[in-house]
S.K.: 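A single structure is presented below for examination.
Bear in mind that the values here come from a model prediction, so they are computed numbers and not experimental data. Hydrogens, waters and symmetry mates are skipped; everything else that's a heavy atom, side chains included, is used. Sequence lines set the chain letters: A, B, ... in the order given, protein chains first and strands last, and positions in each chain run from 1.
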2 protein chains.
Amino acid sequence: MSLLKQKILHVASDLFHTRGINSTGVDTIVAVAGTTKMTLYKHFTSKEILILEVLRKGHQDFQLWLSEKLSNHSKKPTEKLRKLFDFMEEWVNSPDYQGMAFLKASAEFPEESNAIHRLSAEQSEAFRAYLSLLAKDAGVADHEGLSLQLSLLIEGAMQAEHMRRGSGSIKYAKKAAKILIDDALKS
Amino acid sequence: MSLLKQKILHVASDLFHTRGINSTGVDTIVAVAGTTKMTLYKHFTSKEILILEVLRKGHQDFQLWLSEKLSNHSKKPTEKLRKLFDFMEEWVNSPDYQGMAFLKASAEFPEESNAIHRLSAEQSEAFRAYLSLLAKDAGVADHEGLSLQLSLLIEGAMQAEHMRRGSGSIKYAKKAAKILIDDALKS
DNA sequence: ACATATCTATACCATCCTGTATATTTTTTG
DNA sequence: CAAAAAATATACAGGATGGTATAGATATGT
């Protein structure tokens, strides 16, 4: 992938996160990225395509980062599950954290027929399915249920951390997760 | 308040919810409400003011509805706390449910300097404070912590229910809430 | 019936937005 | 160095948007 294309993707992701997707025009994106509209439209056939690629890259980066962190930490499934929220906290506090893009995207494009909305929903579901697998490996009977609960906590905490920074959302989400995981493991 | 003004507020709230705020033009609002732009701008000096009033009304309606339901149900604080998620479920399934507006609004207007964003953050915090009061009355020591956790679950569930309808988010949020409340009450 | 306030109808302006046309310059590659 | 590819500069079309101007219609209360 061309350097410029990467730069555009990164700048767009940043602007979408700080100003919102609909409120960010392509003129702003190319200005910040230090290029022109012609080049942008040579790499992305439309703004919608650009948005979709930003979402895809963001989700991929996050999933890769998380699963690598988890497998580096331990081979034992229950250890992984227990360490999950520590890594989520690390992710939120990492310098170039740009939110969970699909959360905002689905809010800005609420119609189910919309391609951006559908991709967001898929990513949200994929993340939950990943959590479900973690829980299953750890021997949780109702791993589907637990994964849903954990994803609610995480998505809620992301949202809250964005709305009221420094509210300690992650910290309390972590405590809640511990209680839920303990409960799910013993039954 | 004039009937037309109410109608405009209601239609705007509905359109904001189904199509998004930024994607809904004032032309569309007046067309659906069966009136004209002149009338709209006589009642609301700008689109931003309209958005703010929609948010205020939505939040007020919800808070009134919930606190009334809770006090009608029982006078005992612990009973109220335990019944909370049942009413949340009822709210989500009610015919004219239009989401928790402040969640989406804060996503569409992410800048902290923005008036809409600030109101959203205030409402989110007000809701959490209300939950904290419920928990405190029920004798929960760390009522601030529990209220934060419950609000994460609720906001996460609202978001999820909007993204993947019929995912059973509320049902599992309710189970999680029960576990967290039990844990908080016994310690 | 008269005066006042509210609502409608319609046209319009200025601005912003996505996307394209055209021509020129820079970079890469053989 | 020459040819091809990629990037720039700039201007502009076409449409949507928020908001206003003007003038007429309808309703309300006295």
Side-chain angles (χ1 to χ4, degrees), chain A residues 1-56 101 104-105 107-111 113-117 119, chain B residues 1-56 101 104-105 107-111 113-117 119:
Chain A
M1 174 155 42
S2 139
L3 277 177
L4 255 175
K5 186 168 182 180
Q6 278 181 290
K7 175 107 194 186
I8 292 173
L9 275 175
H10 187 264
V11 165
S13 173
D14 189 31
L15 289 172
F16 289 165
H17 178 238
T18 56
R19 306 186 185 184
I21 301 176
N22 277 316
S23 310
T24 303
V26 289
D27 293 281
T28 312
I29 296 172
V30 298
V32 175
T35 180
T36 68
K37 263 202 284 191
M38 285 314 302
T39 332
L40 185 149
Y41 278 102
K42 219 147 258 168
H43 287 295
F44 309 93
T45 55
S46 71
K47 188 188 177 183
E48 186 176 57
I49 300 287
L50 170 60
I51 298 171
L52 290 170
E53 287 210 30
V54 167
L55 286 178
R56 269 191 272 267
K104 291 167 156 213
E108 291 211 52
F109 302 91
E111 289 157 307
S113 61
N114 183 291
I116 298 168
H117 183 93
L119 178 58
Chain B
M1 174 155 42
S2 136
L3 276 179
L4 254 176
K5 187 168 182 180
Q6 278 182 290
K7 175 107 194 185
I8 292 173
L9 275 174
H10 188 264
V11 165
S13 173
D14 189 31
L15 289 173
F16 289 164
H17 178 237
T18 55
R19 305 186 186 186
I21 301 176
N22 277 316
S23 310
T24 303
V26 288
D27 293 281
T28 311
I29 297 172
V30 298
V32 175
T35 179
T36 67
K37 266 204 283 192
M38 285 315 302
T39 333
L40 186 148
Y41 278 102
K42 218 147 258 170
H43 287 295
F44 310 93
T45 55
S46 71
K47 189 188 175 182
E48 186 176 54
I49 299 286
L50 170 61
I51 298 170
L52 290 170
E53 289 210 29
V54 166
L55 285 178
R56 270 191 271 269
K104 292 168 155 209
E108 290 211 51
F109 302 90
E111 289 157 308
S113 60
N114 182 291
I116 297 167
H117 183 93
L119 178 59

S.K.: Considering only heavy atoms from C-beta outward, does the side chain of A:T36 approach that of A:V30 to under 4.5 Å?
M.R.: no
S.K.: Near DNA chain D, under 4.0 Å by heavy atom, which residues of residues 34-49 of chain B?
M.R.: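 B:K37, B:M38, B:Y41, B:S46, B:K47 - these, ordered by number, are the residues of the stretch whose heavy atoms sit under 4.0 Å from the strand.
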S.K.: Could you state the CG-C1' distance from B:D27 to C:dC12, rounded to the nearest angstrom?
M.R.: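 From B:D27 CG to C:dC12 C1': 13 Å.
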S.K.: Report the distance from atom CG of B:L4 to atom P of D:dT26, rounded to the nearest whole Å.
M.R.: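 Rounding to the nearest Å, CG of B:L4 and P of D:dT26 are 16 Å apart.
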S.K.: Taking the side chain as every heavy atom from C-beta outward, state whether A:I51 and A:L119 have any atom pair closer than 4.5 Å.
M.R.: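 Heavy-atom side-chain distance check fails, nothing below 4.5 Å.
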S.K.: I'd like to know whether NE2 of A:H43 has more than 12 heavy-atom contacts from other residues, nucleotides or ligands below 6.0 angstrom.
M.R.: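 Enclosed.
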S.K.: What integer distance in Å separates A:K5:NZ from D:dA7:P?
M.R.: 11 Å
S.K.: Looking at B:E108 and B:N22, would you say the former's side chain and the latter's main chain have a donor-acceptor pair under 3.5 Å?
M.R.: yes
S.K.: Output the residues of residues 11-24 of chain B in contact with DNA chain D, where contact means a heavy atom of the residue under 4.0 Å from an atom of the strand; sort by number or write none.
M.R.: B:T24
S.K.: Test your reading of the model: is there a side-chain donor-acceptor pair from A:T24 to the backbone of A:G20, 3.5 Å cut-off?
M.R.: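 Yes, because the side chain of A:T24 sits within donor-acceptor range (under 3.5 Å) of the backbone of A:G20.
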S.K.: In chain order, what residues pass the salt bridge (charged side-chain N to carboxylate O under 4.0 Å, His left out) check against B:K7, with sequence neighbours excluded?
M.R.: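 Counting only residues at least two positions away or on another chain, B:K7 forms no salt bridge (charged side-chain N to carboxylate O under 4.0 Å, His left out).
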S.K.: Show the nearest heavy-atom pair for residues B:V26 and B:Y41, with the distance to one decimal.
M.R.: CG1-OH, 3.8 Å
S.K.: A side-chain contact here means heavy atoms from C-beta on lying under 4.5 Å apart; do B:T18 and A:E111 qualify?
M.R.: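 Not in contact.
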